[in-house]
Number of protein chains: 2
Amino acid sequence: MARTVGSVGAETAKRVLKEALRLFAREGYAAVSMRQIAGKCGLQAGALYNHFPTKQAILNELMVTHLESLLAAYDETPDHASPLDALEAFARFHIAYHIDKPEEVFIAYMELRNLETGNLGPVMKLRQQYERCLRGILRNGVASGDFEIDDVPVTAMAIISMMTGVNTWFRYGGRLSIREIETIYVNMIFALVGKNDQRMGNSTEEERVNV
Amino acid sequence: MARTVGSVGAETAKRVLKEALRLFAREGYAAVSMRQIAGKCGLQAGALYNHFPTKQAILNELMVTHLESLLAAYDETPDHASPLDALEAFARFHIAYHIDKPEEVFIAYMELRNLETGNLGPVMKLRQQYERCLRGILRNGVASGDFEIDDVPVTAMAIISMMTGVNTWFRYGGRLSIREIETIYVNMIFALVGKNDQRMGNSTEEERVNV
DNA sequence: GTCTATAGATGGATAGAC
DNA sequence: GTCTATCCATCTATAGAC
């Protein structure tokens with residue numbers, strides 16, 4: 001959006017987005033100045049306006065790009081015939097993707113209120129589109145008799161919330177590997193939808209988590 | 001903290017906190033000015049400094065007060081001999097309390113990064129103290145053989161995240177009452193810890209949630 | 001305890017030289 | 001496409017009158 005064409009300009013715009021992402025995630029959109037962003041890019045503040053018309057445009061680009069990438073990445077995930085496999089795949093995908101992009105995830109949630117009204121709608125649409133994927137899986141499982149679920153929309157939100165919550169405590173080099181965390185969550189989610197099949201064992205040490 | 005004594009002053013300070021809470025929750029700490037807060041209180045900006053030395057002090061007071069109130073309210077909750085009852089009570093308490101104080105909850109999580117270093121430590125301690133309550137319940141249940149849990153700390157964080165997530169979609173007048181939502185979550189959480197006892201039935205209509 | 005007024009800093013965004 | 005310089009608005013916090 002509003003990027004200058006040409007390879008050099010495109011490179012600079014990418015750099016701006018990258019640095020703005022880090023700063024917004026750490027300090028919050030409102031607390032970050034265009035001068036700060038420019039400084040991290042080795043530019044003067046005025047130069048940013050060759051690439052983005054406003055600070056708001058940078059935020060919007062970050063949020064839209066993140067959500068579109070998330071959806072695209074999930075779309076590239078292999079299909080699964082059984083609802084159980086689809087649910088496991090969704091969970092593993094969600095956790096791994098979110099751990100991999102903590103700053104994007106953080107911003108996409110925390111800075112919603114700083115999106116101007118015109119930008120908010122499309123972003124919310126993308127969020128809901130992703131949530132609908134999980135609801136579809138749950139509904140299929142209910143229809144096939146694989147899952148026992150009181151309330152599909154509530155359960156979908158609960159599952160997404162608990163998985164996204166991993167980002168608040170996960171640290172690289174901690175007690176559990178990403179794969180182990182995925183497995184713990186898959187087991188919890190299976191239990192949640194009425195399936196007691198345990199996936200292969202995982203860490204038995206029960207210690208404090210690296211919060 | 002740094003409140004002026006005297007009944008009139010205390011009333012004004014409360015008013016300031018109340019309006020600051022609403023504004024911070026809606027627009028974010030960094031995006032709200034002292035003038036805005038003063039305006040909502042029918043004051044001029046300078047008058048705020050009779051009650052709080054800095055804007056930061058207002059934020060800190062809001063966060064500390066919220067977490068202390070949360071812990072105090074949970075402490076007043078009746079004790080339960082069985083881990084299952086304790087877990088249900090914790091879940092119902094958490095959901096109802098969080099739905100009742102959405103702005104406090106929102107700020108206590110979102111504005112952590114805007115707390116100055118000296119203020120962050122005590123706030124994090126309070127958060128962890130609350131999380132420890134749930135871990136204690138889970139450990140008791142594992143010890144008594146009531147619960148089957150892969151990883152207590154991870155499960156505790158998952159449960160807290162899924163419950164707190166209710167605040168992102170709950171709206172008064174929506175499809176489900178608070179009590180119904182509590183029950184759905186209690187059932188999910190029971191399944192999560194390996195107990196299949198269902199609590200009394202709840203809404204059967206399976207429709208979209210009022211997100 | 002609140003007011004007006006203001007200091008002093010910093011913000012987003014623009015203009016024009018190169 | 002980036003620079004310097006700057007406009008103008010707004011910010012936190014303070015000073016002093018009442």
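Reminder, nothing fancy here: chain letters follow the sequence lines and each chain counts from 1.
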(request) Write out all pairs satisfying salt bridge (charged side-chain N to carboxylate O under 4.0 Å, His left out) with one or both partners inside residues 105-127 of chain A, taking only residues at least two apart or from two chains. (result) A:E111-B:R113, A:R113-B:E111
(request) List in numerical order all residues of residues 20-33 of chain B for which some heavy atom is under 4.0 Å away from an atom belonging to DNA chain D. (result) B:V32, B:S33
(request) Could you please name the option among C:dA13, D:dA13, D:dG1 that lies closest to any side-chain atom of A:Y49? (result) C:dA13
Take the protein atom [atom1] of [X] and the nucleotide atom [atom2] of [N], then report the distance between them rounded to whole Å.
| X | N | atom1 | atom2 | result |
| --- | --- | --- | --- | --- |
| A:F52 | C:dT14 | CZ | P | 15 Å |
| B:I58 | D:dT12 | CD1 | P | 10 Å |
| B:H51 | C:dG1 | NE2 | P | 6 Å |
| A:R15 | D:dG1 | CZ | C1' | 16 Å |
| A:K55 | C:dT14 | NZ | P | 15 Å |
| A:L59 | C:dG12 | CG | P | 13 Å |

For a quick test of your reading: what N or O donor-acceptor pairs under 3.5 Å do the side chains of residues 17-26 of chain A make, sequence neighbours left out?
unit_1	atom_1	unit_2	atom_2	d
A:E19	OE2	A:R15	NE	3.4
A:E19	OE2	A:R15	NH2	3.3
A:R26	NH2	A:E103	OE2	3.3

(message) Please check this pair: side chain of B:T65 against backbone of B:L62, looking for a donor-acceptor N/O pair closer than 3.5 Å.
(response) no
Is there any protein nitrogen or oxygen under 3.5 Å from a nitrogen or oxygen in nucleotides 3-9 of chain D, and what are the pairs?
unit_1	atom_1	unit_2	atom_2	d
D:dC3	OP2	A:Q44	N	2.6

(message) Which residues pass the ring-ring contact (aromatic ring centres under 6.0 Å, His included) test with A:F93, not counting sequence neighbours?
(response) A:Y74, A:Y97
(message) Among residues at least two apart in sequence or on other chains, which ones pass ring-ring contact (aromatic ring centres under 6.0 Å, His included) with A:F147?
(response) none
(request) May I have all residue pairs that pass ring-ring contact (aromatic ring centres under 6.0 Å, His included) and include part of residues 114-137 of chain B, sequence neighbours excluded? (result) B:F90-B:Y130, B:H94-B:Y130
(request) Could you list the residues that satisfy side chain to side chain contact (heavy atoms under 4.5 Å, CB included) with A:A86, not counting sequence neighbours? (result) A:H80, A:I137
(request) Go through the structure and list residues passing salt bridge (Lys or Arg N to Asp or Glu O under 4.0 Å) with A:D100, not counting sequence neighbours. (result) none
